[in-house]
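The structure under discussion appears below in the form of C-alpha cells.
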Amino acid sequence: MHDKRVLQDDGTLHLRPGERARAILTSRAFMFVVLALLVLGFIIAAQAKGVSANSLLSLFVRGTLLGGTLALGAIGVTLVFAVLKMANFAHGDTMTFGAYIGLLIIMLLPKGPPLAPFSFGYEFLVALLIVVPLIGLFTFGLDQALFRPLRNRRAQPIMFAMASLGLAFGLRSLVYIFWGADFTFYYVGRARPAVELFAGVRVRPDQLFILGLAIVLIVGVYLLLERTKIGKAMRATADNPDLARVSGIDTNRVILWTWLIGGGLAAAGGMLYALDVQLRPEMGWWLLLPLFASVILGTLGNAYGALAGAFIIGIVWQVSSAFINPTYGHGIAFLVMVLVLLVRPQGLFGGRK
Amino acid sequence: MPLLTVESVVSGYGEMQVLNGVSLTVGQNEIVSIVGPNGAGKSTVMKLVFGLLKPWEGAVTFNGQTISGMAPEKLVKLGLSYVPQVDNVFPNLTVEENLDMGGYTRSGSLDEQKERVYELFPRLAERRRQRAGKMSGGERQMVAMGRALMLDPKLLMLDEPSAGLAPLLVDMIFEKVADINKAGVAVLMVEQNAKKSLALADRGYVLATGQNKVDGPGQKLLADPEVARLYLGG
C-alpha cells in the first residue's frame, strides 16, 4: 500500500518504462512472488528426485518448528539493531551460552521423572525460568562493559561489529573450557519417541512444546511492545532516538529492557534448540547466518518482520533438504539473504528510504 | 522575574563558534519570536536552551534555576518542552502513542492531557490510531506540538513550526500557537516567516551572525524600516 502511494506522489502516469519495471521489481509483492517461486522450485526439484508429497509436508512442518526457535533469536537481533543501531554478532553464541547455563542448572537440580509425553522433567522448566532473566541481565552487563564505552566514544559501526564478534568468540571459548568440545544432551540416553501428528507427519511431543512456548514468548513480546509504556518507549527510541531524549525518555532504561528481552529470548531459543537437536558449542554460531537472513528478509529493526523472516527461512531451509544435502541448508539461508539484499534491501516490511 | 533568561551566551559545534554572545528573555505567558537570516544561529539558541549544546560562556536560567547543560529528562520535568524543526514525530508510532511518549515522565493517566490536545487539534482526535509517518506535513506538525504539550509545559519552544507548510496551514499553525499561549503557556519560537511570527509575538529578537541585532515589541520591529530592509527581506 505504501509503495503505491509513493508511486502516485511521483505521478504514476509519468513513469518511464524502465522506472516502472524497476518499481515493480523492488515491490514487496514481487519479493513475495520470488519467495513463492523459490519454494515452488524446491517442490518441483524434490518431485524430480522422487520425494513424496508426504515427506515434503513433514519437512514443511519441521521448518515451521525450526522457524519458532529462529524467531526467538531473530527478534533479539532486530531489537538490538533497532534501539542501539548495531549488528550483534554475539547473538548466536548468547543462545549457546544460555543453553549451556541451562544444562548446568539441570545438572545441579535433583533429577525428576520425565513429564510424559515430553522427554524432559521439571528441571528443564526450572532451568528455563532461571536462565531467561539471568542471560537477559548478563547481556545487559556485557553491553555496559563493552558496547556502552564505544557508544560514548561515538565509535564507527565496524567497531561494534568487531567487538560483538570478539564477544562471540569469547562466549564460545567459555563453553569449550567448561563443557568441552563434544556434543551432549540435556537428558543423555533418554528415549525421544515421535508421534503421528496428521497425514503421516511425525513429530516429537517436545517439538510441539518448543513451538508452543516460542509462540507464547512471541505473543508476550508483542504485548510488551504494543501495550506497555516501556515497550512503546523502546519503539519510540528505535524510531527517533533524538526525539525520544527530548521527550524525556530514559534511554538507559530502554537499553536495559532491550537486552533483557533480546538476551532472554536468545537464551530461551538456545535451550529450546538444544532440547530439539543437541547441545554443541558451535550451535549458536551456526545459527547466526539464518538469524541474520531472517532479520534482513523481514527488514532490519522490525520485530514483526524478523518473526515472518524466521518462519520463511526455517521453512525454506527444511524444504530444501528434500533435494539437496541438508548440510547446504545454510547456503539456502545465505541465498535468500543475498536475493533480498539485491532485489529489496529494505526487506519485506521496510518503506522506501 | 522572566521565565527564561539567556545571558551573553557563546557556544557552537565542535570547534565552530556559532553564538557570539546572545542574550534574551521570555516572560511568563509571553510569545517571543527569534528571526534573522539563515545561519544567524536561531536554531542553535533553541538547542542550547534545551541542553543539546553546552554554553562555552554565559548562562541559561529557567524560573531562577541554572539549567545550562541539564539533561532533557530533567528539563521536561521543570516545565520546558521543545519541538525540533525536522524529525519531530515518531513515524512508526500512532498519533496517540506519540502523545503518550510526550507524557513519558509522568506516571498515571494521561487521558486529561490527551483530551486537551485533541480539543486543540480535532484533526488528531479523528486520526488517533494512525501512524504519524503516514500523515501530511501539517498534521505532523500538530502531532509534534501535541506531544510537546503533554506535560503541561510552562514554556513551549518551537523551531520553525511553519517550515515547508502551505500558506493556509501556516496561518492555522500560528492561530494554534496563539491558542496555546492563551491557555497560559509561554512560547519561544524561531521562524523564517518573520513577518507573520513578529505580528503574533509580544516581543521579537533579530539575530544575525550569532549576535543580537535589534529587539523590541513585535509590531515595532515590523514597522521599523531599517529592520525590514536588513533582515526581513524588504
Side-chain angles (χ1 to χ4, degrees), chain A residues 1-9 78-79 81-83 85 152-154 222-257 298-306 346-347 349-353, chain B residues 14 46-47 49-52 70-110 129 131-137 140 143-144 146-151 153 156-159:
Chain A
M1 200 193 105
H2 185 66
D3 290 349
K4 265 191 219 144
R5 252 188 29 182
V6 171
L7 281 178
Q8 274 163 11
D9 288 349
T78 216
L79 279 182
F81 182 84
V83 172
K85 312 288 177 232
N152 290 344
R153 233 181 293 151
R154 296 181 189 286
Y222 169 82
L223 290 176
L224 188 125
L225 287 178
E226 294 292 327
R227 300 285 162 81
T228 67
K229 196 169 168 176
I230 188 71
K232 286 178 194 175
M234 284 172 67
R235 283 162 52 220
T237 308
D239 241 12
N240 190 339
D242 292 336
L243 191 63
R245 268 193 66 207
V246 167
S247 301
I249 292 173
D250 182 350
T251 321
N252 269 327
R253 233 173 89 87
V254 167
I255 293 172
L256 167 67
W257 276 92
T299 300
L300 265 169
N302 184 324
Y304 310 122
Q346 73 269 47
F349 296 88
R352 219 164 272 242
K353 284 270 156 91
Chain B
M46 301 292 251
K47 286 185 191 155
V49 172
F50 212 73
L52 303 177
M70 202 181 258
E73 58 258 35
K74 282 197 184 147
L75 292 175
V76 295
K77 281 185 193 156
L78 287 179
L80 208 64
S81 131
Y82 168 56
V83 180
Q85 183 186 347
V86 288
D87 295 329
N88 52 19
V89 296
F90 299 109
N92 285 312
L93 268 58
T94 65
V95 169
E96 186 154 10
E97 288 170 340
N98 265 276
L99 298 184
D100 284 339
M101 289 302 105
Y104 181 82
T105 56
R106 173 173 300 184
S107 46
S109 166
L110 295 165
R129 307 239 177 276
R131 281 210 242 159
K134 300 222 159 180
M135 302 177 93
S136 70
R140 277 192 208 210
V143 175
R147 178 197 59 76
L149 290 171
M150 285 296 288
L151 287 175
L156 176 66
M157 298 174 33
L158 302 171
D159 195 348

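Chain A is the first sequence line, chain B the second, and so forth, proteins listed ahead of strands; every chain is numbered from 1. Just so it is clear, the model here is predicted, and its values are computed rather than measured.
- For A:Ala244, the parts lying under 4.5 angstrom from a heavy atom of chain B are both the backbone and the side chain.
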Handout entry: Step-by-step side chain to side chain contact (heavy atoms under 4.5 Å, CB included) determination, B:Glu96 to A:Lys232
Key = CA-CA 11 Å; B:Glu96 186 154 10; A:Lys232 286 178 194 175; over 6 Å; no
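- Around the NZ atom of A:Lys85, the shell of radius 6.0 Å holds more than 12 heavy atoms that belong to other residues, nucleotides or ligands.
- Residue A:Ser247 holds its OG atom at 8.5 Å from CG of B:Asn98, rounded to the nearest 0.5 Å.
- A:Ala236 and B:Leu93 get closest at one heavy-atom pair: CB-CD2, 3.8 Å.
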Handout entry: Criterion side chain to side chain contact (heavy atoms under 4.5 Å, CB included) on B:Glu73 and A:Thr251, from CA distance to verdict
Key = CA-CA 10 Å; B:Glu73 58 258 35; A:Thr251 321; 5.9 Å; no
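- Only the side chain of A:Ile230 comes within contact range of chain B, with heavy atoms under 4.5 Å apart.
- Listed here is the closest heavy atom pair of A:Val246 and B:Leu52: CG2-CD1, 4.3 Å.
- Among the candidates A:Asp250, A:Asp239, A:Asp242, the residue making the largest number of heavy-atom pairs closer than 4.5 Å to chain B is A:Asp239.
- With rounding to the nearest 0.5 Å, the separation of NZ in A:Lys229 from CG in B:Leu110 is 6.5 Å.
- A donor and an acceptor atom, one from each side chain of A:Asn240 and B:Asp87, are nowhere located under 3.5 Å apart.
- Here the straight-line distance linking atom CZ of A:Arg245 with atom OH of B:Tyr82 works out to 11.5 Å at 0.5 Å rounding.
- Looking at B:Arg131, there are no atoms closer than 4.5 Å to chain A (heavy atoms on both sides), in backbone or side chain.
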Handout entry: Audit row: A:Arg235, B:Asn92, side chain to side chain contact (heavy atoms under 4.5 Å, CB included) steps and yes/no
Key = CA-CA 8 Å; A:Arg235 283 162 52 220; B:Asn92 285 312; over 6 Å; no
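- Distance CE/B:Met101 to CD1/A:Ile249: 5.0 Å, rounded to 0.5 Å.
- For B:Pro91, the parts lying under 4.5 angstrom from a heavy atom of chain A are both the backbone and the side chain.
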